[in-house]
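When a residue number appears, it is its place in the shown sequence, counting from 1.
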Amino acid sequence: MKIDFLYSTDFLAMNTPELGHTCMHLLCTAGEGSFVFNERCYHIVKNDLVVMPNPTRAKNLAAAPGMEVEWFAADNKFLHSLLPSNNYSIGGSISLNQNPVIKTGRRKS
């Protein structure tokens with residue numbers, strides 16, 4: 001089954017096989033967790049944003065008690081159709097594959 005868009009609050013479901021053709025945008029809203037992406041471990045905490053192309057490549061998902069997330073996955077073809085004609089996707093894809101975690105700088109509760 002091909003999923004075009006999916007919203008969830010289940011961190012441990014972010015790498016289901018049906019999401020292989022999507023790009024995921026995840027916000028950690030409480031607590032902390034970790035995952036391995038491209039053979040590198042990432043630790044996320046409250047207010048961290050994760051933008052991950054092909055979230056099925058995420059492995060070893062671990063959520064500490066109290067971790068809360070919200071994520072939205074959208075079909076890659078749909079997202080690419082929204083890019084301007086000069087297409088910034090190549091540079092952005094390389095950057096996200098090297099480090100999908102964006103620290104927002106908002107650390108206080």
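For T29, the side-chain contact (heavy atoms from CB on, under 4.5 Å) partners two or more places apart in sequence, or in a different chain, are L27, E68, E70. L12 pairs by the side-chain contact (heavy atoms from CB on, under 4.5 Å) definition with D10, L61, not counting sequence neighbours. The side chain to side chain donor-acceptor pair (under 3.5 Å) check on H25 picks up nothing, with sequence neighbours excluded.
Remark: R40 CZ to N99 CG distance equals 5.5 Å, nearest 0.5 Å. Atoms CG and CG, from N76 and D4 in turn, are 11.0 Å apart once rounded to the nearest 0.5 Å. Atoms CE and CE, from M52 and M14 in turn, are 3.5 Å apart once rounded to the nearest 0.5 Å. To the nearest 0.5 Å, atom OH of residue Y7 and atom CH2 of residue W71 are 10.0 Å apart. Atoms OG and CE, from S34 and M67 in turn, are 8.0 Å apart once rounded to the nearest 0.5 Å. Atom-to-atom distance recorded for N47:CG and I102:CD1 is 13.0 Å, nearest 0.5 angstrom.
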Residue pair T22, F72: steps toward the side-chain contact (heavy atoms from CB on, under 4.5 Å) verdict: CA-CA 10 Å; T22 67; F72 179 78; over 6 Å; no
Under the side-chain contact (heavy atoms from CB on, under 4.5 Å) criterion, do M24 and V50 qualify, and how do the steps go? CA-CA 8 Å; M24 174 175 292; V50 178; over 6 Å; no
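Side-chain contact between L26 and L49 is absent, with no heavy-atom pair separated by less than 4.5 Å. Between V101 and F37, the closest side-chain pair of non-hydrogen atoms is not below 4.5 Å. A 4.5 Å side-chain heavy-atom check between R57 and N15 finds every atom pair outside the cut-off. In this structure the side chain of H43 reaches within 4.5 angstrom of the side chain of E32, judged on heavy atoms. Counting heavy atoms from C-beta on, the side chains of Y42 and P100 come closer than 4.5 Å.
Taking all atoms of both residues into account, the shortest heavy-atom contact from L19 to P55 is O-CD, 3.4 Å. Pairing each heavy atom of C28 with each of I44, the nearest pair is CB-CD1, 4.3 Å.
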